[in-house]
Amino acid sequence: MTVSSESKVGIVLVSHSAKLAEAVAELAKQMTQERVPIAIAAGIDDPENPFGTDVLKVQEAIESVYTDAGVVIFMDLGSAIMSAEMAIELLPPAQKNHIKICPAPLIEGAIAAIIQASLGANIQQVIAEANGALMTKSSQLNVDEAIPINIENTQNKDDETPSEKIKITVKNSLGIHARPAAKLVAIANNFSAKISLQNLTKNSHLVNAKSINQVMKLAVKKGDEIEIQATGNKAVDALKAIQELITNNFYEAEVIVKKTPKILTTPDTNNKLVGTPASPGIAIATVVHARAEILEEVEDYPVENSEVEWEYLQLILQTAKQEIQRIIDSLSDQNKSDNNQADIFQAHQLYIEDPTLLEQVHQLIFAQNRCAAVAWKTAIEEMIATYQKLEDPYLQARAIDIKDVGGRVLQLLTGRSRRTLNLSKPGILVAPDLTPSQATQLQPNLVLGICTSAGSVTAHSTLIANMLGIPMVVGVGSQLLSLTPGSQIALDGETGEIWLEPNQAQLQELQAKQAHTSSTFQQPQEAITQDGKKIPLMANILGVADTKLALERGAEGVGLLRTEFLYLERNTAPTEAEEYETYRAIAEILGTRPLTIRTLDIGGDKVLPYIKQESEANPVLGCRGIRESLDNPEILRSQLRAILRVSHGHNIKVMFPMVTSVQEVRAAREILTEVEHSLLELPSFPGVGNIKVGIMIEVPAAAMMADQLAQEVDFFSIGTNDLSQYVMAADRTNSKVAHLADGFEPAVLRMIQQTVIAAHQASISVSVCGQLASSPLAVPILLGLGVDELSVAPPAISTVKKVISQLNGSQVEAIARDVLQLDGAKSVKEYIVGQLGLVIL
């Protein structure tokens with residue numbers, strides 16, 4: 001049946017490879033807001049030789065998406081062109097005039113066309129956009145007819161459009177290091193204008209502001225004056241956006257950089273090595289060696305078609321970016337007191353799409369006929385060498401990030417699995433260096449300390465070790481790597497000393513220091529205000545290791561157990577037995593302390609291979625949280641069965657995420673009741689404990705309906721990370737607007753106040769488990785708004801307790817009243833600092 005002429009233009013992808021065509025279609029779908037009819041005619045039905053094209057498949061594909069708006073066909077090469085032409089000949093004459101074959105390259109052309117078609121463009125506009133795709137790419141790479149040349153973002157000599165310029169002094173503490181560079185590059189890439197950057201203080205050359213590597217290699221430090229030039233469409237807007245970013249210090253908190261004294265890495269005694277202290281603390285354990293992350297050796301092979309090789313690399317790069325995005329999502333969900341870890345990996349994504357790097361790889365593939373793996377490895381190794389030669393120690397430390405990113409892509413290209421840090425028992429990790437990806441695998445209950453022969457105090461892996469509270473010494477020297485596995489060593493992360501097979505006197509001295517240091521965490525003061533009000537302080541955790549760390553730091557229980565860690569990075573859902581054993585292990589560590597278990601918060605941008613999830617144009621507003629669980633009730637039932645089985649004899653709470661309506665709560669509770677009744681029918685089941693049911697308040701709808709939702713549950717927990725982005729309509733993963741999703745915005749604080757009032761009127765409690773609860777500046781506001789309980793990241797517990805001990809009820813109530821009347825997050829923060837000074841900072 002012919003569809004109305006108001007329909008969108010249909011797209012047909014003809015390729016020798018079914019997987020290639022499917023990947024192009026999937027990538028394009030993720031970039032569009034509206035659905036576009038897409039059909040694939042790729043590969044042939046021959047299991048032993050599946051590559052090829054089939055005329056009848058092409059004809060069927062055209063007919064499946066045909067509308068009066070027309071159909072555009074994209075092909076890869078060779079017989080695909082002939083198959084497309086023959087298929088059109090088989091169509092009725094009335095349809096032929098509406099079918100167009102587009103010469104644009106398959107990937108760039110199809111993606112551009114699908115995006116344009118999703119906007120309702122006609123067939124001529126769609127084809128024009130597709131044909132311009134390669135020109136746009138060539139312009140970005142500054143190449144002529146796809147002939148790779150050295151990329152520079154300077155003005156074309158024939159371009160008479162005048163350049164706009166601004167000069168500005170960089171004032172943030174560390175200058176334009178990785179995270180600020182990533183933010184600057186992200187903004188620059190939002191504009192089509194050519195944007196260049198120059199360090200006037202160092203009289204540098206102009207570099208491409210859309211290249212993170214070129215921007216970072218300018219080594220812009222605090223106090224340096226830079227000049228930014230923009231030429232072309234919306235040049236003034238681009239400069240204004242970048243100027244706002246720099247003026248606001250890249251939206252980074254001011255930090256005091258402590259200079260680490262230079263320590264010679266030579267043996268001080270017969271059984272001692274000395275390195276550079278990187279993360280404080282004492283560790284005494286046996287040596288566990290970790291292999292260095294290296295760029296795998298790859299076998300070169302002759303490339304018959306450079307275009308196919310390049311397209312294959314693009315798909316691999318997209319896969320690598322998706323892997324990194326999953327890391328970012330998991331780190332963002334951990335509600336740390338800052339976003340430093342997530343920022344590290346956002347910079348990694350920009351390394352992957354850096355135009356300077358890609359231009360070199362492109363040249364090696366097309367000009368020298370190198371395979372993708374060899375070309376990528378060659379370009380990455382040259383970039384690493386460039387960073388290592390820089391004088392700035394901070395920029396030198398970025399070489400390990402480049403190696404991390406390069407290794408990730410190379411392993412995908414070669415099909416080899418990435419190495420993991422699998423420790424079977426506690427020990428001190430000894431390694432040449434650690435990449436950020438390795439550091440995210442660190443488990444504080446197994447990795448008691450870290451020593452590296454190289455490394456830097458400014459490396460991102462060091463930052464992560466600090467956040468996890470793992471003692472670390474770096475730059476010890478190559479003699480460290482000769483230590484015998486299983487031999488005992490001790491390290492002091494404050495002095496940089498390492499003892500090899502420490503004697504009894506040394507052990508006693510170190511153990512005494514360790515006991516004195518840890519006593520601060522094991523026996524912390526209670527979180528009691530100056531007028532005697534006790535504030536329960538819980539921890540946000542991911543598993544058993546986090547539970548132990550939380551109790552050591554003084555947590556009174558668990559306010560949020562994120563169960564996603566059981567579901568991610570696997571091909572099948574966890575069994576009920578697996579979940580039960582994990583929840584039971586955590587509950588037994590806690591004893592009678594409360595354990596709040598949040599049901600699976602997945603969906604949209606967090607994809608599980610074993611759950612059928614449709615691609616969503618806007619996953620932040622898609623099927624996630626309780627919506628996804630209600631769509632997959634069997635997975636929810638399995639999880640609830642495991643939770644209820646653990647509840648007997650333990651203080652268990654269950655909490656549903658991303659609730660937006662009363663109907664969702666009732667549907668979830670109905671499944672919970674059904675599961676409970678089925679368990680009670682089992683003769684051996686000991687019964688269900690006094691389990692409480694709560695929900696996350698993360699969207700404005702839930703805050704607005706809090707009075708009705710409070711009648712359905714026993715408690716609320718406010719997730720300020722998501723609440724902030726939904727209230728402020730600012731996607732936290734979009735670097736251009738992420739800073740707007742600030743929990744200090746009065747609009748967000750008013751939502752919290754409304755939620756607390758509704759909860760207390762219904763006699764239920766309110767906790768805050770989002771990032772805001774870990775902020776010393778936010779604690780007095782939250783207490784003043786009437787929040788009953790805080791749940792924070794384990795490393796933040798002692799700081800938050802100290803803040804609470806310096807406050808009183810009338811003081812925080814006055815603060816809360818005042819900040820609700822202010823005009824923005826910046827004003828709120830300045831007000832808190834002015835009222836309380838630096839005592840709590």
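Every value quoted in this text rests on a predicted model; they were computed, and no experiment measured them.
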*Asks:* Taking only residues two or more places apart in sequence, or in another chain, which ones meet Ala762 in a side-chain contact (heavy atoms from CB on, under 4.5 Å)?
*Replies:*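 Checked Ala762 against side-chain contact (heavy atoms from CB on, under 4.5 Å); matches are Ala710, Gln711.
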*Asks:* Do Arg637 and Glu576 sit within salt-bridge range, that is, some charged N less than 4.0 Å from a carboxylate O?
*Replies:*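 The answer is no: the pair does not qualify as a salt bridge.
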*Asks:* So, Asp714 side chain and Lys692 main chain: donor-acceptor pair closer than 3.5 Å or not?
*Replies:*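 It does not hold such a pair.
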*Asks:* Can you check side-chain contact (heavy atoms from CB on, under 4.5 Å) on Tyr312 and Leu413, steps first, answer last?
*Replies:* CA-CA 9 Å; Tyr312 169 60; Leu413 283 167; 3.7 Å; yes
*Asks:* Which value, rounded to the nearest 0.5 Å, describes the distance between Ser15 atom OG and Leu106 atom CG?
*Replies:*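 Separation between the atoms: 6.0 Å.
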*Asks:* Is it the case that Tyr583 and Glu578 place a side-chain donor and acceptor less than 3.5 Å from each other?
*Replies:*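 Judged by distance alone, the side chains do not pair up.
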*Asks:* For a quick test of reading the model, state the closest non-hydrogen atom pair linking Tyr726 to Glu698 and the distance between them.
*Replies:*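 So the two residues come closest at CD1-O, 3.2 Å.
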*Asks:* Between CD1 of Ile695 and CD1 of Ile626, what distance do you get to the nearest 0.5 Å?
*Replies:*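 Spacing of CD1 (Ile695) from CD1 (Ile626) equals 10.0 Å.
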*Asks:* Does any non-hydrogen side-chain atom of Thr720 lie less than 4.5 Å from one of Val768?
*Replies:*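 The answer is yes; the side chains approach within 4.5 Å.
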*Asks:* Do NZ/NE/NH1/NH2 and the carboxylate oxygens of Arg624 and Asp722 come within less than 4.0 Å?
*Replies:*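 Looking at Asp722 together with Arg624, the answer is yes, because their closest N to O distance falls below 4.0 Å.
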*Asks:* Distance check, rounded to the nearest 0.5 Å: Leu561 atom CG versus Ser791 atom OG?
*Replies:*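 Nearest 0.5 Å value for the CG-OG distance: 10.5 Å.
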*Asks:* Taking all non-hydrogen atoms of both residues into account, name the closest pair between Ala21 and Leu13 and its distance.
*Replies:*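 Heavy-atom minimum between the residues: O-CD1, 3.6 Å.
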*Asks:* Taking the side chain as every heavy atom from C-beta outward, state whether Leu672 and Leu644 have any pair of such atoms under 4.5 Å apart.
*Replies:*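 With C-beta onward as the side chain, the pair touches.
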*Asks:* Taking the side chain as every heavy atom from C-beta outward, state whether His648 and Val688 have any pair of such atoms under 4.5 Å apart.
*Replies:*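 Result no, sub-4.5 Å side-chain heavy-atom pair not found.
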*Asks:* Indicate the atoms forming the closest heavy-atom contact of Leu600 with Ser629, along with that distance.
*Replies:*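 Shortest heavy-atom contact: O-OG, 3.6 Å.
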*Asks:* Decide side-chain contact (heavy atoms from CB on, under 4.5 Å) for Asn122 and Val9; before the verdict, give the C-alpha distance in whole Å, the side-chain angles of both, and the deciding distance to 0.1 Å.
*Replies:* CA-CA 7 Å; Asn122 61 38; Val9 173; 5.6 Å; no
*Asks:* Just verifying a value: how many Å separate Ser765 OG and Phe716 CZ, rounded to the nearest 0.5 Å?
*Replies:*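 The OG atom of Ser765 sits 9.5 Å away from the CZ atom of Phe716.
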*Asks:* Test side-chain contact (heavy atoms from CB on, under 4.5 Å) on Tyr567 and Gln639 and set out the steps.
*Replies:* CA-CA 11 Å; Tyr567 291 79; Gln639 186 172 32; 3.7 Å; yes
*Asks:* Give me the atom names and distance for the closest heavy-atom approach of Leu560 to Cys769.
*Replies:*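 For Leu560 and Cys769, the tightest heavy-atom pair comes out as CD2-SG, 4.0 Å.
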*Asks:* Between Ser775 and Leu772, is there a donor-acceptor pair closer than 3.5 Å when you use the side chain of the first and the backbone of the second?
*Replies:*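 The answer is no, because no donor-acceptor pair under 3.5 Å joins these two groups.
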*Asks:* So, does Asp788 use its side chain to make a donor-acceptor pair with the main chain of Val766 at under 3.5 Å?
*Replies:*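 At least one qualifying donor-acceptor pair exists.
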*Asks:* Look at Arg584 together with Glu581 and state whether they make a salt bridge at an N to O cut-off of under 4.0 Å.
*Replies:*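 Salt bridge flag = yes for Glu581 with Arg584.
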*Asks:* Side-chain donor-acceptor pair under 3.5 Å between Asn721 and Gln725, yes or no?
*Replies:*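 Per modelled atom types, Asn721 and Gln725 side chains form no pair under 3.5 Å.
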*Asks:* Please find the pair of heavy atoms, one from Ile11 and one from Ala113, that lie closest to each other, and give the distance.
*Replies:*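 Looking at all heavy atoms of both residues, the closest pair is CD1-CB, 4.2 Å.
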*Asks:* Over all heavy atoms of both residues, which pair between Gln708 and Glu712 is shortest? Give the atoms and the distance, please.
*Replies:*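 Heavy atoms only, the tightest pair is O-CG, 3.7 Å.
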*Asks:* Quick one: do Ile764 and Val713 satisfy side-chain contact (heavy atoms from CB on, under 4.5 Å)? Show the steps, please.
*Replies:* CA-CA 8 Å; Ile764 69 171; Val713 296; 4.3 Å; yes
*Asks:* Hey, can you pull the donor-acceptor pairs under 3.5 Å for the side chains in residues 653-661, sequence neighbours left out?
*Replies:*
{"from": "Thr660", "atom 1": "OG1", "to": "Glu664", "atom 2": "OE1", "distance (Å)": "3.0"}
{"from": "Thr660", "atom 1": "OG1", "to": "Glu664", "atom 2": "OE2", "distance (Å)": "3.3"}
{"from": "Ser661", "atom 1": "OG", "to": "Glu664", "atom 2": "N", "distance (Å)": "3.3"}

*Asks:* I'd like a table of donor-acceptor pairs (distance under 3.5 Å, sequence neighbours excluded) in which one partner is a side-chain atom from residues 745-757, with atom names and distances.
*Replies:*
{"from": "Glu745", "atom 1": "OE2", "to": "Ala825", "atom 2": "N", "distance (Å)": "3.4"}
{"from": "Arg750", "atom 1": "NE", "to": "Leu820", "atom 2": "O", "distance (Å)": "3.2"}
{"from": "Arg750", "atom 1": "NH2", "to": "Leu820", "atom 2": "O", "distance (Å)": "2.8"}
{"from": "Thr755", "atom 1": "OG1", "to": "Met751", "atom 2": "O", "distance (Å)": "2.9"}

*Asks:* Check Arg641 with Glu579, please: is the shortest side-chain N to carboxylate O separation under 4.0 Å?
*Replies:*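 No, this pair does not count.
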*Asks:* Could you measure the distance from the CD atom of Glu311 to the CD1 atom of Ile316? Nearest 0.5 Å is fine.
*Replies:*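 That separation rounds to 13.0 Å.
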*Asks:* In the structure I gave you, are the side-chain heavy atoms of Ile652 and Ile643 within less than 4.5 Å of one another anywhere?
*Replies:*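 In contact.
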*Asks:* Heavy-atom distance under 4.5 Å between the side chains of Leu723 and Val699, does that happen here?
*Replies:*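 A side-chain contact is absent here, since even the closest heavy-atom pair is not under 4.5 Å.
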*Asks:* Quick one: does Thr563's side chain get under 4.5 Å of Ile597's, heavy atoms only?
*Replies:*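 A side-chain contact under 4.5 Å exists here.
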*Asks:* Within this structure, what is the CD-CD distance for the pair Glu676 and Glu674, rounded to the nearest 0.5 Å?
*Replies:*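 Those atoms lie 11.5 Å apart.
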*Asks:* Is the shortest heavy-atom distance from the side chain of Leu412 to the side chain of Glu323 under 4.5 Å?
*Replies:*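 Yes, at least one pair of side-chain atoms sits under 4.5 Å.
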*Asks:* Under 4.5 Å between any side-chain heavy atoms of Leu590 and His650, yes or no?
*Replies:*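 No, every pair of side-chain atoms sits at 4.5 Å or beyond.
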